[in-house]
Amino acid sequence: MVVKPLTGNYAAAYAAKLARVKVVAAYPITPQTTIVEKLAQFIDNGEMDAEMIRVESEHSALAAAYGAASGGVRAFTATSSHGLLYMHEMVWWVAGARVPLVMVIVTRTIGPPWNIWSDHSDLMDQRDSGWIIMMAEHNQEVLDETIKMFKITEDPRVFLPGMVGLDAFILSHTTEPVDLPGQELVDSFLPPRRQPYIMKAGDPILMGNVPRDLHDNMRMREDIHKSLEEAKKVIQEVDEEWYKLTGRRYGGLIECYRCEDADHFIIGMGAWVGDMREAADRLREKGIRVGVIKVRYVRPFPREELLKWLTNAKSVIVFDRGVSAGSAGQLFLDVAAHLMAAGVRVPVKNVLAGVTGLDVTYEDIADAVLKSVAEVEETGRFSTFIEWYYGR
Amino acid sequence: MNPHGKVLPISRPGPGVAGKTGTWRVMRPVYDPSKCVKCRLCWLYCPENVIDVNEGGERFISIDYDYCKGCGICSSVCPTGAIKMVPEGGA
Ligand code: SF4
Ligand code: SF4
(Lines give C-alpha, C1' and ligand atoms only; values in the text may rest on other atoms or scores of the structure.)
(Ligands and ions follow the chains in the order given, each with its own letter.)
Protein backbone atom coordinates (compact mmCIF):
# COMPACT_ATOMS: atom_id res chain seq x y z
CA MET A 1 0.00 0.00 0.00
CA VAL A 2 1.30 3.47 -0.86
CA VAL A 3 -0.05 6.88 0.04
CA LYS A 4 -0.50 9.01 -3.05
CA PRO A 5 -1.80 12.55 -3.39
CA LEU A 6 -4.90 12.13 -5.53
CA THR A 7 -7.89 14.20 -6.58
CA GLY A 8 -11.28 12.59 -6.05
CA ASN A 9 -11.49 11.98 -9.77
CA TYR A 10 -8.10 10.27 -9.92
CA ALA A 11 -9.06 8.18 -6.89
CA ALA A 12 -12.09 6.96 -8.88
CA ALA A 13 -9.91 6.22 -11.93
CA TYR A 14 -7.38 4.27 -9.86
CA ALA A 15 -10.23 2.29 -8.32
CA ALA A 16 -11.59 1.30 -11.74
CA LYS A 17 -8.10 0.26 -12.83
CA LEU A 18 -7.52 -1.79 -9.67
CA ALA A 19 -10.91 -3.50 -10.16
CA ARG A 20 -9.60 -4.64 -13.57
CA VAL A 21 -12.39 -2.98 -15.51
CA LYS A 22 -12.33 -4.30 -19.08
CA VAL A 23 -14.52 -1.74 -20.84
CA VAL A 24 -14.85 1.98 -20.23
CA ALA A 25 -17.41 3.90 -22.27
CA ALA A 26 -17.41 7.61 -21.74
CA TYR A 27 -18.43 11.02 -22.89
CA PRO A 28 -16.73 14.06 -21.35
CA ILE A 29 -18.56 16.46 -19.05
CA THR A 30 -17.26 18.86 -16.40
CA PRO A 31 -16.40 17.98 -13.65
CA GLN A 32 -16.23 14.26 -14.41
CA THR A 33 -13.91 14.45 -17.43
CA THR A 34 -10.60 13.87 -15.65
CA ILE A 35 -11.78 10.44 -14.45
CA VAL A 36 -12.03 9.04 -17.93
CA GLU A 37 -9.05 11.07 -19.13
CA LYS A 38 -6.97 9.32 -16.50
CA LEU A 39 -8.39 5.94 -17.54
CA ALA A 40 -7.61 6.72 -21.19
CA GLN A 41 -4.04 7.43 -20.13
CA PHE A 42 -3.81 4.16 -18.16
CA ILE A 43 -5.04 2.25 -21.20
CA ASP A 44 -2.79 4.12 -23.60
CA ASN A 45 0.39 3.53 -21.60
CA GLY A 46 -0.42 -0.14 -21.10
CA GLU A 47 -1.05 0.05 -17.34
CA MET A 48 -4.63 -1.06 -17.84
CA ASP A 49 -5.89 -3.83 -20.12
CA ALA A 50 -9.22 -2.39 -21.24
CA GLU A 51 -11.16 -1.03 -24.19
CA MET A 52 -12.11 2.63 -24.21
CA ILE A 53 -15.27 3.24 -26.22
CA ARG A 54 -15.68 6.88 -27.16
CA VAL A 55 -19.33 7.58 -27.80
CA GLU A 56 -21.37 10.53 -29.01
CA SER A 57 -23.47 11.05 -25.88
CA GLU A 58 -23.95 9.97 -22.29
CA HIS A 59 -27.00 7.93 -23.24
CA SER A 60 -24.68 5.89 -25.44
CA ALA A 61 -21.93 5.84 -22.81
CA LEU A 62 -24.13 3.96 -20.40
CA ALA A 63 -25.67 1.88 -23.19
CA ALA A 64 -22.21 0.76 -24.33
CA ALA A 65 -20.98 0.05 -20.80
CA TYR A 66 -24.19 -1.89 -20.21
CA GLY A 67 -23.72 -3.87 -23.42
CA ALA A 68 -20.20 -4.82 -22.37
CA ALA A 69 -21.36 -5.77 -18.88
CA SER A 70 -24.17 -7.90 -20.37
CA GLY A 71 -21.46 -9.66 -22.35
CA GLY A 72 -19.70 -10.69 -19.16
CA VAL A 73 -17.01 -8.15 -18.29
CA ARG A 74 -16.55 -5.45 -15.68
CA ALA A 75 -17.59 -2.17 -17.21
CA PHE A 76 -17.35 1.38 -15.96
CA THR A 77 -18.47 4.87 -16.82
CA ALA A 78 -18.70 8.23 -15.12
CA THR A 79 -20.73 11.36 -15.62
CA SER A 80 -22.28 14.46 -14.04
CA SER A 81 -25.37 16.62 -14.06
CA HIS A 82 -26.86 17.00 -17.57
CA GLY A 83 -24.92 13.96 -18.71
CA LEU A 84 -26.57 11.86 -16.01
CA LEU A 85 -29.98 13.23 -16.88
CA TYR A 86 -29.39 12.43 -20.53
CA MET A 87 -28.57 8.87 -19.42
CA HIS A 88 -31.63 8.58 -17.25
CA GLU A 89 -33.51 6.16 -19.51
CA MET A 90 -30.52 3.82 -19.58
CA VAL A 91 -30.12 4.17 -15.80
CA TRP A 92 -33.51 2.50 -15.38
CA TRP A 93 -32.81 0.04 -18.17
CA VAL A 94 -29.58 -1.28 -16.60
CA ALA A 95 -31.23 -1.74 -13.20
CA GLY A 96 -34.24 -3.45 -14.80
CA ALA A 97 -31.92 -5.78 -16.70
CA ARG A 98 -30.18 -6.66 -13.39
CA VAL A 99 -26.73 -6.18 -14.90
CA PRO A 100 -24.03 -5.26 -12.38
CA LEU A 101 -22.09 -2.17 -13.45
CA VAL A 102 -20.34 0.67 -11.63
CA MET A 103 -20.71 4.34 -12.46
CA VAL A 104 -19.12 7.29 -10.69
CA ILE A 105 -21.17 10.47 -10.45
CA VAL A 106 -19.43 13.76 -9.80
CA THR A 107 -22.45 15.62 -8.46
CA ARG A 108 -23.11 18.92 -10.16
CA THR A 109 -26.02 21.36 -10.26
CA ILE A 110 -28.56 20.97 -13.04
CA GLY A 111 -29.25 24.02 -15.25
CA PRO A 112 -30.54 26.39 -16.24
CA PRO A 113 -28.78 28.63 -15.51
CA TRP A 114 -25.48 27.05 -16.50
CA ASN A 115 -23.70 26.02 -13.31
CA ILE A 116 -20.84 23.63 -12.63
CA TRP A 117 -20.82 23.68 -8.80
CA SER A 118 -21.88 20.83 -6.57
CA ASP A 119 -25.34 20.06 -5.41
CA HIS A 120 -26.94 16.63 -5.18
CA SER A 121 -29.92 17.05 -7.50
CA ASP A 122 -28.43 14.95 -10.30
CA LEU A 123 -27.63 11.96 -8.08
CA MET A 124 -30.90 12.16 -6.15
CA ASP A 125 -32.84 12.30 -9.39
CA GLN A 126 -31.79 8.64 -9.92
CA ARG A 127 -32.93 7.36 -6.56
CA ASP A 128 -36.07 5.53 -7.72
CA SER A 129 -34.30 3.63 -10.49
CA GLY A 130 -33.14 0.55 -8.56
CA TRP A 131 -29.41 1.37 -8.45
CA ILE A 132 -27.36 1.18 -5.29
CA ILE A 133 -26.44 4.80 -4.62
CA MET A 134 -23.73 6.03 -2.28
CA MET A 135 -22.10 9.38 -1.65
CA ALA A 136 -18.50 9.73 -0.47
CA GLU A 137 -17.17 12.26 2.01
CA HIS A 138 -13.49 12.29 1.00
CA ASN A 139 -11.16 10.95 -1.66
CA GLN A 140 -10.16 7.86 0.30
CA GLU A 141 -13.81 6.92 0.53
CA VAL A 142 -14.19 7.49 -3.23
CA LEU A 143 -11.44 4.96 -3.88
CA ASP A 144 -12.61 2.46 -1.28
CA GLU A 145 -16.28 2.52 -2.22
CA THR A 146 -15.65 2.38 -5.96
CA ILE A 147 -13.67 -0.84 -5.52
CA LYS A 148 -16.20 -2.20 -3.02
CA MET A 149 -19.10 -1.31 -5.30
CA PHE A 150 -17.95 -3.93 -7.81
CA LYS A 151 -18.15 -6.59 -5.12
CA ILE A 152 -21.50 -5.39 -3.81
CA THR A 153 -23.15 -5.12 -7.22
CA GLU A 154 -21.84 -8.52 -8.37
CA ASP A 155 -23.02 -10.34 -5.25
CA PRO A 156 -25.71 -12.90 -6.25
CA ARG A 157 -27.94 -11.56 -3.49
CA VAL A 158 -27.84 -8.16 -5.19
CA PHE A 159 -27.16 -8.24 -8.97
CA LEU A 160 -27.88 -4.56 -9.49
CA PRO A 161 -25.78 -1.65 -10.75
CA GLY A 162 -24.25 0.89 -8.37
CA MET A 163 -23.31 4.58 -8.32
CA VAL A 164 -20.59 6.22 -6.28
CA GLY A 165 -21.10 9.97 -5.85
CA LEU A 166 -18.57 12.66 -5.01
CA ASP A 167 -19.00 16.42 -4.85
CA ALA A 168 -17.88 18.50 -7.82
CA PHE A 169 -14.56 20.26 -7.21
CA ILE A 170 -14.80 19.96 -3.41
CA LEU A 171 -13.57 16.40 -3.97
CA SER A 172 -13.30 15.89 -7.72
CA HIS A 173 -10.52 18.44 -8.24
CA THR A 174 -9.09 18.65 -4.72
CA THR A 175 -5.99 16.65 -3.88
CA GLU A 176 -5.86 14.61 -0.68
CA PRO A 177 -3.54 11.85 0.49
CA VAL A 178 -5.10 8.52 -0.53
CA ASP A 179 -3.95 5.12 0.64
CA LEU A 180 -3.66 3.19 -2.61
CA PRO A 181 -4.02 -0.58 -2.17
CA GLY A 182 -1.81 -2.87 -4.20
CA GLN A 183 -3.12 -4.91 -7.11
CA GLU A 184 -2.72 -8.22 -5.24
CA LEU A 185 -4.79 -6.92 -2.35
CA VAL A 186 -7.62 -5.86 -4.65
CA ASP A 187 -7.35 -9.13 -6.60
CA SER A 188 -7.74 -11.09 -3.39
CA PHE A 189 -10.73 -8.95 -2.42
CA LEU A 190 -12.62 -9.01 -5.72
CA PRO A 191 -13.74 -12.44 -6.94
CA PRO A 192 -14.08 -13.14 -10.67
CA ARG A 193 -17.08 -11.31 -12.09
CA ARG A 194 -20.50 -12.80 -11.37
CA GLN A 195 -23.75 -11.77 -13.03
CA PRO A 196 -27.19 -13.30 -13.46
CA TYR A 197 -26.80 -14.10 -17.18
CA ILE A 198 -24.35 -13.45 -19.99
CA MET A 199 -25.26 -12.47 -23.52
CA LYS A 200 -23.06 -14.48 -25.84
CA ALA A 201 -23.02 -15.75 -29.38
CA GLY A 202 -24.48 -19.25 -29.74
CA ASP A 203 -26.59 -18.96 -26.59
CA PRO A 204 -29.37 -16.54 -27.46
CA ILE A 205 -31.28 -14.83 -24.64
CA LEU A 206 -33.93 -12.16 -25.01
CA MET A 207 -33.77 -9.34 -22.46
CA GLY A 208 -36.72 -7.06 -21.97
CA ASN A 209 -39.30 -8.74 -24.17
CA VAL A 210 -42.97 -7.82 -23.69
CA PRO A 211 -44.12 -9.76 -20.60
CA ARG A 212 -46.83 -12.34 -21.17
CA ASP A 213 -48.23 -11.60 -17.74
CA LEU A 214 -47.97 -8.23 -15.99
CA HIS A 215 -47.80 -10.04 -12.63
CA ASP A 216 -44.30 -11.10 -13.72
CA ASN A 217 -43.42 -7.52 -14.50
CA MET A 218 -44.57 -6.33 -11.08
CA ARG A 219 -42.63 -9.17 -9.45
CA MET A 220 -39.50 -7.87 -11.23
CA ARG A 221 -39.93 -4.46 -9.58
CA GLU A 222 -40.55 -6.11 -6.22
CA ASP A 223 -37.46 -8.24 -6.69
CA ILE A 224 -35.33 -5.14 -7.33
CA HIS A 225 -36.68 -3.64 -4.12
CA LYS A 226 -36.04 -6.83 -2.15
CA SER A 227 -32.55 -7.17 -3.60
CA LEU A 228 -31.77 -3.64 -2.43
CA GLU A 229 -32.94 -4.65 1.04
CA GLU A 230 -30.62 -7.69 0.78
CA ALA A 231 -27.84 -5.34 -0.31
CA LYS A 232 -27.87 -3.79 3.18
CA LYS A 233 -26.32 -6.98 4.56
CA VAL A 234 -23.89 -7.24 1.68
CA ILE A 235 -22.72 -3.62 2.10
CA GLN A 236 -22.05 -4.32 5.78
CA GLU A 237 -20.15 -7.53 5.05
CA VAL A 238 -18.07 -5.96 2.32
CA ASP A 239 -17.21 -3.07 4.66
CA GLU A 240 -15.87 -5.62 7.17
CA GLU A 241 -13.93 -7.57 4.53
CA TRP A 242 -12.30 -4.38 3.31
CA TYR A 243 -11.46 -3.49 6.90
CA LYS A 244 -9.67 -6.79 7.38
CA LEU A 245 -7.48 -6.09 4.34
CA THR A 246 -6.92 -2.35 4.71
CA GLY A 247 -7.77 -1.36 8.28
CA ARG A 248 -10.44 1.01 6.97
CA ARG A 249 -14.14 0.66 7.66
CA TYR A 250 -16.94 3.16 7.63
CA GLY A 251 -19.78 1.32 9.37
CA GLY A 252 -21.85 0.17 6.39
CA LEU A 253 -24.77 2.30 5.29
CA ILE A 254 -24.15 5.19 7.68
CA GLU A 255 -21.22 6.56 9.62
CA CYS A 256 -21.78 8.20 12.99
CA TYR A 257 -19.83 10.98 14.62
CA ARG A 258 -20.29 11.62 18.35
CA CYS A 259 -23.72 10.00 18.29
CA GLU A 260 -23.45 7.99 21.52
CA ASP A 261 -24.54 10.73 23.91
CA ALA A 262 -26.09 13.14 21.39
CA ASP A 263 -29.43 14.90 21.98
CA HIS A 264 -29.62 16.58 18.59
CA PHE A 265 -28.68 14.99 15.29
CA ILE A 266 -27.44 16.51 12.06
CA ILE A 267 -27.92 14.32 9.00
CA GLY A 268 -26.19 14.88 5.68
CA MET A 269 -24.22 13.18 2.93
CA GLY A 270 -21.16 13.99 0.85
CA ALA A 271 -18.14 16.20 1.43
CA TRP A 272 -19.81 18.71 3.73
CA VAL A 273 -20.20 16.02 6.39
CA GLY A 274 -16.62 17.00 7.24
CA ASP A 275 -17.92 20.50 8.04
CA MET A 276 -20.77 18.96 10.02
CA ARG A 277 -18.25 17.14 12.21
CA GLU A 278 -16.47 20.45 12.81
CA ALA A 279 -19.80 22.17 13.56
CA ALA A 280 -20.71 19.42 16.05
CA ASP A 281 -17.38 19.93 17.85
CA ARG A 282 -18.00 23.69 18.10
CA LEU A 283 -21.54 23.23 19.33
CA ARG A 284 -20.42 20.74 21.94
CA GLU A 285 -17.99 23.39 23.22
CA LYS A 286 -21.12 25.45 23.89
CA GLY A 287 -22.63 22.52 25.80
CA ILE A 288 -25.02 21.36 23.07
CA ARG A 289 -24.72 17.63 22.56
CA VAL A 290 -24.81 17.25 18.80
CA GLY A 291 -24.16 14.08 16.80
CA VAL A 292 -23.67 13.72 13.04
CA ILE A 293 -25.07 10.92 10.95
CA LYS A 294 -23.44 10.63 7.56
CA VAL A 295 -25.71 8.85 5.13
CA ARG A 296 -23.25 6.88 3.00
CA TYR A 297 -25.76 4.78 1.13
CA VAL A 298 -28.96 6.54 0.19
CA ARG A 299 -30.18 3.45 -1.70
CA PRO A 300 -30.79 1.09 -0.07
CA PHE A 301 -31.98 3.60 2.51
CA PRO A 302 -30.52 3.05 6.03
CA ARG A 303 -33.90 2.91 7.76
CA GLU A 304 -32.93 0.55 10.60
CA GLU A 305 -29.66 2.36 11.41
CA LEU A 306 -31.36 5.76 11.51
CA LEU A 307 -34.19 4.52 13.71
CA LYS A 308 -31.65 3.08 16.11
CA TRP A 309 -30.03 6.46 16.66
CA LEU A 310 -33.01 8.76 16.28
CA THR A 311 -35.71 7.09 18.36
CA ASN A 312 -34.73 9.00 21.51
CA ALA A 313 -33.39 12.15 19.86
CA LYS A 314 -34.54 15.58 20.97
CA SER A 315 -34.39 16.85 17.41
CA VAL A 316 -33.23 15.90 13.94
CA ILE A 317 -31.97 18.39 11.36
CA VAL A 318 -31.53 17.05 7.85
CA PHE A 319 -29.29 19.04 5.51
CA ASP A 320 -30.09 18.66 1.82
CA ARG A 321 -28.08 19.95 -1.13
CA GLY A 322 -31.03 19.44 -3.41
CA VAL A 323 -34.78 19.72 -3.28
CA SER A 324 -37.75 17.86 -4.67
CA ALA A 325 -39.38 21.12 -5.72
CA GLY A 326 -42.89 21.39 -4.37
CA SER A 327 -42.18 19.00 -1.49
CA ALA A 328 -38.85 19.12 0.42
CA GLY A 329 -35.24 17.94 0.32
CA GLN A 330 -34.91 14.35 -0.86
CA LEU A 331 -32.92 13.09 2.12
CA PHE A 332 -35.31 14.80 4.52
CA LEU A 333 -38.31 13.16 2.84
CA ASP A 334 -36.85 9.70 3.36
CA VAL A 335 -35.83 10.38 6.95
CA ALA A 336 -39.20 11.91 7.89
CA ALA A 337 -41.20 9.15 6.18
CA HIS A 338 -39.34 6.33 7.90
CA LEU A 339 -39.49 8.01 11.31
CA MET A 340 -43.23 8.52 10.90
CA ALA A 341 -43.84 4.98 9.61
CA ALA A 342 -42.00 3.58 12.62
CA GLY A 343 -44.09 5.71 14.98
CA VAL A 344 -41.12 7.82 16.11
CA ARG A 345 -42.31 11.30 17.06
CA VAL A 346 -39.20 13.48 16.99
CA PRO A 347 -39.09 17.13 15.88
CA VAL A 348 -37.51 16.96 12.43
CA LYS A 349 -36.52 19.80 10.19
CA ASN A 350 -35.06 20.27 6.74
CA VAL A 351 -32.31 22.80 6.10
CA LEU A 352 -31.78 23.40 2.40
CA ALA A 353 -28.28 24.78 2.03
CA GLY A 354 -25.64 24.57 -0.63
CA VAL A 355 -28.35 24.08 -3.23
CA THR A 356 -26.91 25.12 -6.65
CA GLY A 357 -23.45 24.88 -5.13
CA LEU A 358 -23.62 27.82 -2.75
CA ASP A 359 -20.63 27.60 -0.43
CA VAL A 360 -21.45 26.33 3.05
CA THR A 361 -18.92 26.52 5.88
CA TYR A 362 -18.88 24.72 9.21
CA GLU A 363 -19.77 28.09 10.79
CA ASP A 364 -22.91 28.22 8.62
CA ILE A 365 -23.89 24.72 9.69
CA ALA A 366 -23.23 25.50 13.35
CA ASP A 367 -25.28 28.69 13.00
CA ALA A 368 -28.26 26.93 11.40
CA VAL A 369 -28.16 24.12 13.95
CA LEU A 370 -27.75 26.47 16.91
CA LYS A 371 -30.88 28.45 15.96
CA SER A 372 -32.89 25.29 15.33
CA VAL A 373 -31.83 23.67 18.59
CA ALA A 374 -32.67 26.85 20.50
CA GLU A 375 -36.20 26.73 19.11
CA VAL A 376 -36.67 23.07 20.02
CA GLU A 377 -35.28 23.56 23.52
CA GLU A 378 -37.70 26.44 24.06
CA THR A 379 -40.89 25.22 22.41
CA GLY A 380 -40.35 21.46 21.98
CA ARG A 381 -40.95 21.69 18.25
CA PHE A 382 -39.98 23.32 14.98
CA SER A 383 -42.39 26.02 13.82
CA THR A 384 -41.40 25.46 10.17
CA PHE A 385 -40.21 22.14 8.79
CA ILE A 386 -38.22 23.67 5.95
CA GLU A 387 -35.64 26.43 5.90
CA TRP A 388 -33.80 27.82 2.91
CA TYR A 389 -30.44 28.76 4.37
CA TYR A 390 -28.34 31.27 2.40
CA GLY A 391 -25.54 31.74 4.94
CA ARG A 392 -25.00 33.97 7.91
CA MET B 1 -36.31 -17.12 -16.23
CA ASN B 2 -35.16 -17.10 -12.68
CA PRO B 3 -31.53 -18.10 -12.10
CA HIS B 4 -30.07 -17.15 -8.68
CA GLY B 5 -33.57 -16.68 -7.25
CA LYS B 6 -33.87 -13.31 -9.00
CA VAL B 7 -36.92 -12.43 -11.09
CA LEU B 8 -35.27 -11.50 -14.38
CA PRO B 9 -36.69 -9.89 -17.52
CA ILE B 10 -35.10 -12.50 -19.77
CA SER B 11 -36.43 -15.33 -21.87
CA ARG B 12 -35.25 -17.83 -24.43
CA PRO B 13 -36.20 -16.89 -27.97
CA GLY B 14 -38.80 -19.17 -29.54
CA PRO B 15 -41.17 -18.90 -32.49
CA GLY B 16 -44.42 -17.10 -31.98
CA VAL B 17 -44.29 -16.13 -28.32
CA ALA B 18 -46.61 -13.23 -29.17
CA GLY B 19 -48.95 -15.34 -31.35
CA LYS B 20 -49.12 -15.60 -35.15
CA THR B 21 -47.94 -12.12 -36.05
CA GLY B 22 -48.32 -12.94 -39.74
CA THR B 23 -52.02 -12.09 -39.40
CA TRP B 24 -51.07 -8.41 -39.02
CA ARG B 25 -49.68 -8.42 -42.57
CA VAL B 26 -51.16 -6.04 -45.16
CA MET B 27 -48.83 -6.90 -48.06
CA ARG B 28 -47.61 -10.40 -48.85
CA PRO B 29 -44.22 -11.22 -50.44
CA VAL B 30 -44.67 -13.64 -53.34
CA TYR B 31 -41.62 -15.50 -54.59
CA ASP B 32 -40.94 -16.43 -58.21
CA PRO B 33 -38.16 -19.09 -58.33
CA SER B 34 -37.64 -18.62 -62.06
CA LYS B 35 -36.15 -15.14 -61.45
CA CYS B 36 -34.12 -16.10 -58.38
CA VAL B 37 -30.30 -16.00 -58.68
CA LYS B 38 -29.74 -17.51 -55.20
CA CYS B 39 -27.92 -14.49 -53.81
CA ARG B 40 -29.48 -14.89 -50.30
CA LEU B 41 -29.91 -11.15 -49.81
CA CYS B 42 -33.57 -11.61 -48.81
CA TRP B 43 -32.53 -14.26 -46.26
CA LEU B 44 -29.87 -11.92 -44.86
CA TYR B 45 -32.07 -8.84 -44.64
CA CYS B 46 -35.41 -10.24 -43.43
CA PRO B 47 -35.80 -8.63 -39.99
CA GLU B 48 -38.06 -11.43 -38.75
CA ASN B 49 -35.80 -14.35 -39.71
CA VAL B 50 -38.69 -15.99 -41.53
CA ILE B 51 -36.89 -16.72 -44.80
CA ASP B 52 -35.29 -20.14 -45.04
CA VAL B 53 -32.83 -21.19 -47.73
CA ASN B 54 -33.39 -24.61 -49.27
CA GLU B 55 -30.04 -25.68 -50.66
CA GLY B 56 -30.59 -27.58 -53.92
CA GLY B 57 -34.35 -27.24 -53.64
CA GLU B 58 -36.68 -26.36 -56.50
CA ARG B 59 -37.68 -23.22 -54.65
CA PHE B 60 -34.42 -21.74 -53.32
CA ILE B 61 -36.13 -19.81 -50.55
CA SER B 62 -39.30 -20.30 -48.54
CA ILE B 63 -41.14 -17.76 -46.44
CA ASP B 64 -42.94 -18.62 -43.21
CA TYR B 65 -46.19 -16.71 -43.65
CA ASP B 66 -47.25 -17.40 -40.04
CA TYR B 67 -44.71 -14.81 -38.90
CA CYS B 68 -43.80 -12.75 -42.00
CA LYS B 69 -44.97 -9.20 -41.23
CA GLY B 70 -45.07 -8.03 -44.82
CA CYS B 71 -42.50 -5.27 -44.47
CA GLY B 72 -41.26 -5.74 -48.02
CA ILE B 73 -37.55 -5.54 -47.22
CA CYS B 74 -36.92 -8.85 -49.00
CA SER B 75 -38.64 -7.51 -52.08
CA SER B 76 -36.70 -4.28 -52.11
CA VAL B 77 -33.28 -5.94 -51.63
CA CYS B 78 -33.90 -8.63 -54.22
CA PRO B 79 -31.73 -7.67 -57.25
CA THR B 80 -33.88 -9.51 -59.82
CA GLY B 81 -37.44 -8.74 -58.77
CA ALA B 82 -38.01 -12.36 -57.71
CA ILE B 83 -40.11 -11.23 -54.75
CA LYS B 84 -43.20 -9.12 -55.46
CA MET B 85 -45.39 -7.55 -52.81
CA VAL B 86 -49.11 -8.11 -53.35
CA PRO B 87 -52.03 -6.91 -51.21
CA GLU B 88 -53.36 -9.45 -48.71
CA GLY B 89 -56.91 -10.55 -49.30
CA GLY B 90 -56.55 -9.64 -52.98
CA ALA B 91 -56.23 -12.04 -55.84
S1 SF4 C 1 -41.90 -9.20 -46.09
FE2 SF4 C 1 -40.49 -8.65 -44.45
S3 SF4 C 1 -40.92 -10.16 -42.89
FE4 SF4 C 1 -41.84 -10.96 -44.74
S5 SF4 C 1 -40.29 -12.26 -45.60
FE6 SF4 C 1 -40.03 -10.26 -46.55
S7 SF4 C 1 -38.51 -9.24 -45.27
FE8 SF4 C 1 -39.26 -10.97 -44.09
S1 SF4 D 1 -32.92 -11.83 -52.94
FE2 SF4 D 1 -34.07 -12.44 -54.72
S3 SF4 D 1 -32.58 -13.44 -56.02
FE4 SF4 D 1 -31.63 -13.27 -54.01
S5 SF4 D 1 -32.12 -15.26 -53.07
FE6 SF4 D 1 -33.75 -13.82 -52.46
S7 SF4 D 1 -35.34 -14.15 -54.01
FE8 SF4 D 1 -33.47 -15.05 -54.83
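Chain letters run A, B, ... following the sequence lines, proteins first and then strands; every chain starts at 1. Quick caveat, the model's predicted, so the values are computed rather than measured.
Heavy-atom distances place no part of Val99(A) under 4.5 Å from chain B, backbone and side chain included. For a residue to count as touching a neighbouring chain, one of its non-hydrogen atoms must lie under 4.5 Å from one of that chain's; by this rule Asn217(A) does not touch chain B. Interface residue Arg98(A): only side-chain heavy atoms are found under 4.5 Å from chain B.
In terms of the ring-ring contact (aromatic ring centres under 6.0 Å, His included) criterion, residue partners of Phe301(A) (sequence neighbours excluded) are, by chain and number, His338(A).
Closest approach of Pro9(B) to Ala97(A), counting heavy atoms only: CG-CA, 4.1 Å. When all heavy atoms are compared, the tightest approach of Lys6(B) to Ser227(A) is NZ-OG, 2.9 Å. Among all heavy-atom pairs drawn from Asp223(A) and Gly5(B), the shortest one is OD1-O, 4.1 Å. The nearest pair of heavy atoms linking Ile10(B) to Ile205(A) is CB-CG2, 3.7 Å.
Around CH2 of Trp92(A), the count of heavy atoms belonging to other residues, nucleotides or ligands within 6.0 Å exceeds 12. Heavy atoms from other residues, nucleotides or ligands lying under 6.0 Å from NZ of Lys226(A) number 12 at most. Other residues, nucleotides and ligands contribute more than 12 heavy atoms inside 6.0 Å of the CD atom of Glu304(A). Heavy atoms from other residues, nucleotides or ligands lying under 6.0 Å from OH of Tyr65(B) number more than 12. Annotation: Asp49(A), atom CG; neighbour count of heavy atoms from other residues, nucleotides and ligands within 6.0 Å does not exceed 12.
Side-chain contact between Leu8(B) and Met220(A) is absent, with no heavy atoms from C-beta onward closer than 4.5 Å.
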